[in-house]
S.K.: 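Sharing a structure, written as structure tokens. Questions coming.
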Amino acid sequence: MGEGVTVLTKLATPFAAFGDFFSLCTEVSRELFRRPFQWRETVECSWAIARVSMVPTLLVAIPFTVLVSFTLNILLREIGAQDLSGAGAALGTITQIGPIVTVLIVAGAGATAICADLGARTIREEIDAMKVLGINPVHRLVVPRVIASTGVALLLNSLVCTIGIGGGF
């Protein structure tokens, strides 16, 4: 009997984590439109995410785009359609390489910086102090970071696409 309960507990843990994540996403989407909006926090977070993501994005974008362009050119030469290599490289960069590189870097470097900041605030009990003062930590800390991550990801995606099209040229 005790073994069955352990198995159910182990199975319930991932579902509980998914439920917590869904609850946080719902609260963020609700708090997104509540005033006052934290503009200064958003700008500071955008700069922090861009600062840790810019160089890795450049270092990953160049080999990825060159690799895709090179592979595509070999394939097009084999089928006798060399004149489509420029359009194919641009299409591959914009639809595939740009979003993939951007997601990898923002999720890797940017999210790590965000987690480190929020973890340090938790250790210093700043988040508990905010709750005691009646400040919603999701509205004050999480919403600006979500908006900053989205904005920086869009800018980095355009940078990767520009590098990819230039490299394919």
S.K.: State which residue, out of V28, I114, V138, fulfils the side-chain contact (heavy atoms from CB on, under 4.5 Å) condition with V146.
M.R.: V28
S.K.: Distance check, rounded to the nearest 0.5 Å: I94 atom CD1 versus I165 atom CD1?
M.R.: 4.0 Å
S.K.: What pairs of residues pass the salt bridge (Lys or Arg N to Asp or Glu O under 4.0 Å) test when at least one of them lies in residues 106-118, not counting sequence neighbours?
M.R.: D117-R121, D117-R145
S.K.: Rounded to the nearest 0.5 Å, what separation is found between the SG atom of C45 and the CZ atom of R40?
M.R.: 12.0 Å
S.K.: Is there a path of hydrophobic side-chain contacts, each under 4.5 Å between heavy atoms, that joins L141 and V52?
M.R.: no
S.K.: Between L91 and Q96, does a side-chain contact (heavy atoms from CB on, under 4.5 Å) hold up when you go through it step by step?
M.R.: CA-CA 8 Å; L91 184 67; Q96 303 297 318; over 6 Å; no
S.K.: Test: salt bridge (Lys or Arg N to Asp or Glu O under 4.0 Å). Region: residues 59-74. Which pairs qualify, not counting sequence neighbours?
M.R.: none
S.K.: When you group the ILVMFWY residues by side-chain heavy-atom contacts below 4.5 Å and let the links chain together, are I105 and I147 in the same group?
M.R.: no
S.K.: Should the heavy atoms of other residues, nucleotides or ligands under 6.0 Å from CE of M130 be counted, would the total exceed 12?
M.R.: yes
S.K.: If you round to the nearest 0.5 Å, how far is CD1 of I62 from CG of L67?
M.R.: 13.5 Å
S.K.: Only one of V103, L104, I97 clears side-chain contact (heavy atoms from CB on, under 4.5 Å) with I100; which?
M.R.: L104
S.K.: Measure the spacing between CD1 of I127 and CD of E125 and express it to the nearest 0.5 Å.
M.R.: 10.5 Å
S.K.: Indicate the atoms forming the closest heavy-atom contact of P63 with V60, along with that distance.
M.R.: CD-O, 3.4 Å
S.K.: Less than 4.5 Å apart, side chain to side chain, heavy atoms only: is that true for T42 and S46?
M.R.: yes
S.K.: Where does the angle between the aromatic ring planes of F21 and F18 fall among parallel (under 30°), tilted (30 to 60°) and perpendicular (over 60°)?
M.R.: tilted
S.K.: If Ile, Leu, Val, Met, Phe, Trp and Tyr residues are connected whenever their side-chain heavy atoms lie under 4.5 Å apart, and connections chain through other members, are V142 and V132 in the same group?
M.R.: no
S.K.: With clusters defined by side-chain heavy atoms of hydrophobic residues (ILVMFWY) lying less than 4.5 Å apart, directly or transitively, does L59 cluster with V66?
M.R.: no
S.K.: Work out which heavy atom in S53 is nearest to a heavy atom in T57; give both atom names and the distance.
M.R.: O-OG1, 2.6 Å
S.K.: Treating H139 as the side-chain partner and E27 as the backbone partner, does any N or O pair qualify as donor plus acceptor under 3.5 Å?
M.R.: no
S.K.: Which distance, rounded to the nearest 0.5 Å, do you find between the CD of E126 and the CG of L118?
M.R.: 10.0 Å
S.K.: Please report the closest heavy-atom contact between G98 and C161, naming both atoms and the distance.
M.R.: CA-SG, 4.3 Å
S.K.: For T93 and T65, which heavy atoms make the closest approach, and how far apart are they?
M.R.: CG2-CG2, 4.2 Å
S.K.: With the side chain counted from C-beta on, respond yes when V143 and E41 share a heavy-atom pair under 4.5 Å apart, and no when they do not.
M.R.: no
S.K.: To the nearest 0.5 Å, tell me how far I49 CD1 sits from L155 CG.
M.R.: 11.5 Å
